[in-house]
Amino acid sequence: MKIMVIDGNSILNRAFYGIRQLTNHEGLPTNAVYGFLATLFKLQDEERPDRTIVCFDVKEKTFRHLKFDTYKATRKGMPDELAAQLPLTKQVLDALGIVRCEKAGYEADDLLGTISRRADEHGDTCVVVTGDRDSLQLVGGGTTVMLVSTRMGQTTYQTYDTAAFREKYGFDPIRLIDLKALMGDSSDNIPGVPGIGEKTAMQLLHDFGTLEGVYANIDDERIKKGARTKLQNGEQSAKDSYWLATIDRSVPLELDVEHLPAQDIDETTLYDLLTRLEFKNFIKRFDLSGESVSAPRLPELKTERVENVLEAFNLMDSLTDCDRVYAIVPETLGAVCLLDGDTAHILFAEAFGDAWNDILRRLFDGSLPLVLHDAKAAVRALLQRGMDPKGIVFDTAIAAYLLDPTQSGYDLPRLALAYCNAELPELDLDDPAAVSLLGGQEDTEKAVAQHAGALRAIYAEAADRIEQLGMRKLYYEIELPLLRVLAEMEAAGCAVEPDELRAFGDKLDVRIRDLTEQIYHDADGEFNINSPKQLGEVLFEKLGLHAPKKTKTGYSTNVEVLERIAEDHPIVPRILEYRKLTKLKSTYVEGLLKVISPVDGRIHTHFQQTVTATGRLSSTDPNLQNIPVRTELGRELRRMFVAPDENHVLIDADYSQIELRVLAHISQDEHMIEAFKHGQDIHAATAAKVYHVPLEEVTPQMRSSCKAVNFGIVYGISDFSLAQDIGVTRKEAGEFIKTYLDTYPGVKKYMEDIKQTGREQGYVTTLFGRRRALPELKSKNFNMRSFGERVAMNTPIQGTAADIIKIAMVRVRDRLLRDGLQSRLILQVHDELILEAPKDEQETAMRLLTEEMENAFRMDAPLVAEAKAGHSWYDAK
DNA sequence: TTCCTCACG
DNA sequence: ACGTACGTGAGGAAA
C-alpha cells in the first residue's frame with residue numbers, strides 16, 4: 001500500500017504566502033484553503049496514493065521546543081488570517097474523508113516521522129509531503145520525501161529518496177540532524193554551535209561523519225583552532241540542538257496505520273463547504289450538485305405568462321403606483337419579467353410581434369420606477385431601437401460594485417448568494433433559445449421568476465447599505481446617471497476607416513515578413529518568434545546570449561530584457577521591432593477590423609462600469625482605451641478613428657495632470673497647490689524646489705527625474721522601483737524621495753495619514769465617498785501589507801480623478817442636450833473625453849467641453865482641460 | 001485556463 | 001530580508 005502523509009501546517013502556510021489575500025463574499029479568507037486543496041488534489045492525481053493522511057500541529061504553545069525556555073521566546077506564531085483558515089481546511093478534509101492526524105504536544109513533523117516509520121515497518125511505501133527541509137531526515141527505507149517549494153507563485157515538487165538526497169547533499173539523510181546541531185537553524189530557533197556556519201559544519205561532517213564523531217575527534221588536526229574553541233564552548237548547545245533537530249518518530253498515536261479507512265467523500269457536506277468557499281472548479285472536479293443541499297431559498301413565486309397586449313398594458317398600468325418595479329430585462333430584449341407581489345409576470349417578445357416595441361416603450365416611459373440589474377446593456381439596446389428609456393431608479397450591479405469594487409463579478413446569482421445566501425439557477429436570457437416560446441419553457445420561467453425575486457431582495461439590502469456607507473450622492477448622482485451616458489456612447493460608437501486600416505495592416509505585413517526572414521536567418525533555423533519559450537531557447541541557448549538574470553518559468557524575454565542585450569546580437573533589435581509590429585497587426589489592425597459593426601460600419605466599445613477597484617471605467621470588445629499613442633508608428637492607428645464625414649470633427653479634451661492636482665488638493669500641500677495655481681509646469685516646478693535652483697535653471701534631466709517621482713508618488717512609491725525607472729542606485733532614489741517629501745511636507749503627511757486611516761477603518765475612500773476595502777493593510781505578510789499601503793496611497797487619487805471625470809461626463813452630456821447641440825460624447829480614456837461634433841458646432845462644443853470638465857469639481861489646485869479638434873483622433877490629440 | 005507580453009492612463 | 005510601482009484588456013502560446 002502507498003501512503004501519502006502531508007504536513008498540513010507547512011502546505012497551508014505555503015499556500016497562504018504564495019497567493020495574495022483573498023476573501024469571498026461571506027468575508028471568509030480563503031486563499032490558504034484554496035491553495036492547500038489545489039496542492040492536495042494535484043498530488044493525489046499524480047501520486048495516486050491508496051491512503052492520504054494530513055498532519056497538523058495542535059497548538060503552537062505545546063511544541064517540544066518549549067521545554068527549552070531559552071528557545072521558545074522568539075518562536076513565531078501563525079498569522080491570524082491563516083489561523084482563521086485552519087478550521088475550514090480541516091472541515092473540507094473531513095468532508096473529503098481524508099484522515100487527519102493531530103496530537104497535543106507534537107508538531108506535524110513528529111507525526112509525519114511516526115507515521116512514515118510505522119508504514120515503513122509494515123512494509124508500505126510512504127510519501128511524506130512537506131515544505132520543511134528538516135523532514136528530509138526522514139528519507140530512507142520505504143519513505144521518500146516530497147519537498148514542496150513555492151517561488152514567484154510557482155509551486156515545484158521535488159522528491160527525495162536516499163540516492164537523490166546523497167547526490168545533492170553528499171551525505172545520508174539522517175545526518176541532517178548532525179548538520180543542524182552544528183550550524184543551527186535560525187528559522188527554527190535551533191542555536192547550533194555559536195560561530196559555526198554551513199561551510200564549517202559541512203566540512204566537519206565530511207571529515208568525521210557525525211556530531212558524535214566530531215566531538216570524539218575534537219583534538220584532530222583537521223579541526224582548526226578557532227573552530228575547536230567554538231565547538232568546545234558550544235558542546236551543550238550542540239547536544240541540545242541535536243535533540244531539537246531530531247524529529248520524534250515514536251509519538252504515541254492511536255492512529256492505526258495498518259487499517260486506515262478508505263477515503264469516503266461526504267458529498268453533501270463537501271458541496272456545502274465548497275459552495276460557501278466559492279470554489280467552483282473543485283465542485284466541478286467532484287461533479288457535485290447541490291440537489292441534496294438545503295441552501296436558504298427566496299420565497300417561491302408564482303409565474304404567470306402575459307399572453308396579449310391588453311393584458312401587458314393593464315399590468316404595467318397597475319404597477320405604476322408601485323414604490324418600485326423589479327424587472328428582468330435582458331440585453332436582447334427578447335423577454336421581460338415583472339415582479340408584482342408574489343407573482344412574476346413573464347412577457348415574451350415572440351408572443352407580441354410588432355407590439356413588442358410599444359410594450360417596451362411603455363415600460364420605459366418613466367412612469368414605472370424600475371429596479372434593474374445591469375441596466376446599461378438593456379438601455380443600449382433600447383437606444384438602438386430608437387427609444388429613450390427612462391425611469392431606472394436603481395441598478396443592483398452598480399450598487400454591489402460600489403459596496404465592494406474588488407469582487408470578480410456582479411452577476412445576479414453571485415449577488416443572490418452574497419446578499420441573500422440563496423442559490424440562483426443559471427439563466428441566460430441573451431440566448432435566443434432560452435427565450436424562444438418553443439419547448440422547455442417551464443424551467444426557464446421558474447428561473448426568471450427566481451431572478452426577479454432575488455433582484456428585489458438584493459435591492460432592499462444594497463440600497464440600504466449604500467445609504468449607510470454614505471454613498472447616496474455617488475450612487476444616485478454620479479454612477480446611475482452615468483449608466484445612461486455610457487449606453488449612449490456605446491450606441492453611438494466611433495467612425496473608422498476600414499480601408500486605410502487594412503492598408504496599414506498590409507504595410508506592417510511586408511515589414512513583418514522581412515523581419516521574420518532575417519530573424520530565421522540570424523537564428524539559423526525557423527521557430528515561433530511569438531513563443532517566449534522558443535525565443536528564450538534561441539536567444540539564450542542556441543545563440544548563447546547572456547540571459548539577464550530575470551527568469552520565472554524559463555527565460556524572460558520582455559522589452560526590458562531585450563533592450564539590455566540589444567547590442568549583443570543583430571537578432572535582438574529585429575525581435576523588438578517584430579514584436580512591435582505584430583502587436584500592432586494582431587491586436588489593433590486585425591482586432592479592430594473584426595469588431596466593425598456590419599450595421600453602421602462603426603466601432604462600438606463596451607464601457608465597463610463595475611470592473612475596476614478604483615472607480616475607473618474600463619473598455620472592452622474592443623478596448624478603445626489602449627489605442628497606441630506613445631510611438632509614432634502606433635500612433636498612426638489613430639488616423640483610422642475619424643469623424644464620419646466632412647461635416648463633422650472629433651474634439652478631444654484631456655485633463656492636465658489631474659491626478660497630481662487631486663493629490664495636491666487632497667493633501668492640501670501648499671507648495672504643490674501654489675505651483676498649480678500659478679499654472680506652472682509641475683515637473684519643472686518640483687525640480688526647482690527639490691534641487692534648490694531657479695525655475696529657469698532646471699535642466700531637462702532634472703525635470704525628467706522629478707516627473708518620474710511625481711508619477712511614483714501617485715502610485716505609492718518605493719526606492720527600488722524609482723531607481724529602476726530613472727536609472728540610479730536604490731540609495732540615491734531613496735534620498736531623492738526623501739528630499740521630495742521634505743519639499744512637499746503636505747504630501748508626506750498625507751501618505752502617512754492615509755495608511756493609518758486605512759488600517760484603522762479597514763478601507764480608504766475618494767473625495768466623493770467611493771470606498772475600497774483594504775484588509776491587506778493589517779496583514780503580517782510584508783509583501784501583502786506593502787501592496788496594501790501602495791493601494792491606500794493610490795486609490796483615493798486615482799479614484800477621485802475617476803469620480804471627477806464621471807461627473808464631467810454626465811454634465812457634458814446633459815448640457816449638450818439642454819443646449820440643443822448635436823455633438824455627442826463617444827469615448828472616454830480616463831482623463832480624456834472625445835466628442836463627435838458637427839463642424840458648425842465645433843467652437844461651441846469645444847468651449848462647452850472644456851468648461852464642464854474644468855468645473856466638474858472645484859479644487860484648490862484648479863482643474864485644467866485642453867481641447868483640440870480634428871478630422872481624426874490623431875489630429876485631435 | 002494560465003502565463004507572458006505589451007498597449008493605454 | 002522581504003520584492004516593488006497604481007489601474008486596466010487582448011492576443012498568442014502552452015498546458
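All values reported here derive from a predicted model rather than from experimental measurement.
Following rounding to the nearest Å, A/N623 (CG) and B/dT5 (P) show an atom-to-atom distance of 20 Å. For the pair A/H830 NE2 and B/dA7 P, the computed distance is 16 Å after rounding to whole Å. The CD1 atom of A/I627 sits 12 Å away from the P atom of B/dA7 (whole-angstrom rounding). As a whole-Å value, the separation of A/I575 CD1 from B/dT5 P is 13 Å. One interatomic measurement links the two molecules: CG of A/L562 to P of B/dC4, which rounds to 15 Å at whole-angstrom precision. For the pair A/D725 CG and C/dC6 P, the interatomic distance rounds to 13 Å; values are reported in whole Å. As a whole-Å value, the separation of A/F527 CZ from C/dA13 P is 13 Å. Remark: P of B/dC6 and CG of A/L508 are 17 Å apart, rounded to the nearest angstrom.
Dashed line: the shortest gap from a side-chain N or O of A/R616 to OP1 or OP2 of B/dC8 is not under 4.0 Å. Listed pair A/R630 / B/dA7 fails the phosphate criterion, with no side-chain N or O lying under 4.0 Å from OP1 or OP2. For A/R790 and C/dC6, the shortest distance from a side-chain N or O to OP1 or OP2 is below 4.0 Å. Neither OP1 nor OP2 of C/dG3 sits under 4.0 Å from any side-chain N or O of A/Q724. Within the structure, every side-chain polar atom (N or O) of A/R579 is placed at least 4.0 Å from both OP1 and OP2 of B/dT5. Taking 4.0 angstrom as the limit, A/S618 places a side-chain polar atom (N or O) nearer than this to OP1 or OP2 of C/dG9. When the side-chain nitrogen and oxygen atoms of A/S531 are compared with OP1 and OP2 of C/dA14, one or more of them lie within a distance under 4.0 Å.
A/F768 has its ring centre less than 6.0 Å from the ring centre of A/F857. Under the 6.0 Å cut-off for aromatic ring centres, A/Y744 and A/Y740 qualify, their centroids lying closer than that.
In A/E632, the CD atom is crowded: over 12 heavy atoms of neighbouring residues, nucleotides or ligands sit closer than 6.0 Å. Counting heavy atoms of neighbouring residues, nucleotides and ligands inside a 6.0 Å radius, atom NZ of A/K738 does not exceed 12 of them.
Using a 4.0 Å heavy-atom cutoff across all strands shown, A/Q534 reaches sugar-phosphate atoms only and no base atom. Heavy atoms of A/N528 sit under 4.0 angstrom from primed sugar atoms or phosphate atoms, though from no base atom. Nucleic acid contact class of A/A723 (heavy atoms, under 4.0 Å, all strands): none. Across all strands shown, A/S718 has heavy atoms under 4.0 Å from base atoms, whether or not it also approaches the sugar-phosphate. As judged by a 4.0 angstrom heavy-atom cut-off over every strand, A/T557 is placed among residues touching the sugar-phosphate backbone only. Among the protein residues, A/R730 comes within range of the nucleic acid bases, having at least one heavy atom under 4.0 Å from a base atom. Contact annotation for A/V829: backbone-only contact, meaning every heavy-atom pair under 4.0 Å involves sugar-phosphate atoms and none involves a base. Looking at heavy-atom distances under 4.0 Å, A/A801 makes no contact with the nucleic acid at all. A/T582 comes within 4.0 angstrom of no nucleic acid atom, judged by non-hydrogen atoms across all strands.
Ring-plane geometry between A/F540 and A/Y555 is classed as tilted, the angle between the planes lying from 30 to 60 degrees on a 0 to 90 degree scale.
At a cut-off of 3.5 angstrom, counting only N and O atoms as typed in the model, there is no donor on one side facing an acceptor on the other between the side-chain of A/Q625 and the base of B/dC8.
Side-chain contact between A/V485 and A/K806 is absent, with no heavy atoms from C-beta onward closer than 4.5 Å. Between A/T614 and A/R772, some side-chain heavy-atom pair lies under the 4.5 Å cut-off.
Checked by atom type and distance alone, the side chain of A/R661 pairs as donor or acceptor with a backbone atom of A/S656 at under 3.5 Å. A/E490 places a side-chain N or O within donor-acceptor distance of the main-chain N or O of A/F607, the cut-off being under 3.5 Å. The backbone N or O of A/P622 lies less than 3.5 Å from a partner atom in the side chain of A/S619, making a donor-acceptor pair.
The P atoms of C/dA5 and B/dC4 are separated by 14 Å, rounded to the nearest whole Å. Nucleotides C/dT4 and B/dC3, compared at atom P, are 15 Å apart to the nearest Å.
The A/N783 side chain lies nearest to C/dC2 when the options are C/dC2, C/dA5, C/dA10. Residue A/L722 places its side chain closer to C/dA5 than to any other of B/dC6, C/dA5, C/dG7. Side-chain proximity of A/N530 to the nucleotides C/dT8, C/dA10, C/dG12 is greatest for C/dG12. For A/S556, the listed nucleotide lying nearest its side chain is B/dT5; candidates were B/dA7, C/dG7, B/dT5. Taking every side-chain heavy atom of A/E590 into account, C/dG12 is the closest of B/dA7, C/dG12, C/dT4. The side chain of A/F782 lies closest to C/dG3 when the candidates are C/dA15, C/dG3, C/dG12. In this structure, the nucleotide among B/dG9, B/dT5, C/dA10 sitting nearest to the side chain of A/V629 is B/dG9. Considering only side-chain atoms of A/N794, the nucleotide from C/dG7, B/dC6, C/dA10 that sits closest is C/dG7. Nearest nucleotide to the side chain of A/Y715, out of C/dT4, C/dG11, C/dA5: C/dA5.
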Counting Watson-Crick and G-U wobble pairs with both distances under 3.5 Å, what is the dot-bracket string for DNA chain C, 5' to 3', using [ ] for crossing pairs and | for pairs to another strand?
.....|||||||||.
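Across the interface with DNA chain C, nearest-nucleotide mapping of A/T614 and A/P622 shows A/T614 to be the residue nearer the 5′ end.
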